[in-house]
Amino acid sequence: MKRRDFLTRSGLAATTVVLPVLAQQPPPQRFQPVQDIAPLLAQLTGGATPQQGGIEVQLPAIAENGNSVPMRIKVDHVMAPDDYVAAIHIVAERNPRPLVASFHLHPASGRAEVSTRVRLAGTQKVTVLAELSGKRFLMTQADVLVTAAACLDESM
Amino acid sequence: MILGRIQVPPNVRKGEPFEVRILVQHPMETGYRRDLNGQAIPLHIVDRLVCRVGGVEVFSAELGSGIAANPYMAFYAMADASGEVEVEWKDNRGETGRVSAKFSVA
């Protein structure tokens, strides 16, 4: 056998053997799996159905680092003594603990607006649930693309 | 003693909301990380924070491990008379911290 023939044949054989093995390996898991947040929302609302909208959520469309994502929540509602925003909950469906934080407001807060910085374990929908006085609820979801997720082992 | 910082406008208008900003110095360990020896680093987070203006609660928060290290929070408060904004918090190991700032109503 000529040297050239040997090289082409062995090269072909190697690719046909190796390539399927590589293709069969599952893609590396970059993010935590999405969890079902419906039971958590039902627990927060006490079974009531939240109304969609009415909340302005400011999140970056692309968050480069999931360890600290700035977030601003503004609820379009009056803060009167008998009709006010009582609580704001942040739920991240891909985080290992989906309930990120609960903020409790009072009529003396004056304005239903909160900013904070959250950790996000991957690209996901962030749900913001606002509880109005009298057990009424508003809900809004915001999409955020996270390039480097929080909560993953740094050594990997 | 956990360190923290607070920022409140020195002069506010009567009955008009003003912004209170808080920064707490805390690692907010999630409990999911491991150290160099492979040992799990235990959960260590600030889990409760309360803000009072003139002794009346205006804001409180229950935080989880999903809040970034060195928790930052900005929210609004109202006052009818000059006084003090005081913020107290505690972490899951029972340590507490407190900051306050004075303001005058113009």
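First the proteins, then the strands, lettered A, B, ... as listed; each starts at 1.
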Can you tell me which of A/A101, A/G110, A/A108 forms the most heavy-atom pairs within a distance under 4.5 Å of chain B? A/A108
Can any side-chain N or O of A/R119 pair as donor or acceptor with the backbone N or O of B/T30 at less than 3.5 Å? no
d(A/S115 OG, B/I22 CD1) to nearest 0.5 Å is 11.5 Å
Any non-hydrogen side-chain atom of B/F75 less than 4.5 Å from a side-chain atom of A/S109? no
Between B/F59 and B/F103, is there a shared hydrophobic cluster once you connect ILVMFWY residues whose side-chain heavy atoms come closer than 4.5 Å? yes
Is there side-chain contact between A/H106 and B/V53, with at least one heavy-atom pair below 4.5 Å? no
Going by heavy atoms in the side chains, are B/Y76 and A/V114 under 4.5 Å from each other? no
Side chain, backbone, both or neither: which part of A/P107 has an atom under 4.5 Å from a heavy atom of chain B? backbone
Nearest-0.5 Å distance, OG of residue B/S60 to CG of residue A/L105: 8.0 Å
Relative to chain A, which segment of B/A69 carries a heavy atom at a distance below 4.5 Å: side chain, backbone, both, or neither? both
Please determine, among B/A74, B/A61, B/G64, B/P17, the option with the most heavy-atom pairs under 4.5 Å with chain A. B/A74
Is any side-chain heavy atom of A/F103 closer than 4.5 Å to one of B/L49? no
Return yes when atom CD of B/E84 has more than 12 non-hydrogen atoms of other residues, nucleotides or ligands closer than 6.0 Å, and no otherwise. yes
Inspect the surroundings of CD in A/Q43 and state if more than 12 heavy atoms from other residues, nucleotides or ligands are less than 6.0 Å away. no
Answer whether the closest heavy-atom distance between the side chains of A/R117 and B/L23 falls below 4.5 Å. yes
Which is it for B/F18 and A/R111 under the side chain to side chain contact (heavy atoms under 4.5 Å, CB included) test, yes or no, and what are the steps along the way? CA-CA 9 Å; B/F18 58 90; A/R111 201 181 289 180; over 6 Å; no
Is any NZ, NE, NH1 or NH2 atom of the basic residue among B/E19 and A/R72 found under 4.0 Å from an Asp or Glu carboxylate oxygen of the other? yes
Answer yes if the side chains of A/H104 and B/E62 hold a donor-acceptor pair under 3.5 Å, and no otherwise. yes
Counting only heavy atoms not in A/E64 (residues, nucleotides, ligands), do more than 12 fall under 6.0 Å from its CD? no
Backbone N/O of B/Y72 and side chain of A/T116: donor-acceptor pair under 3.5 Å: yes
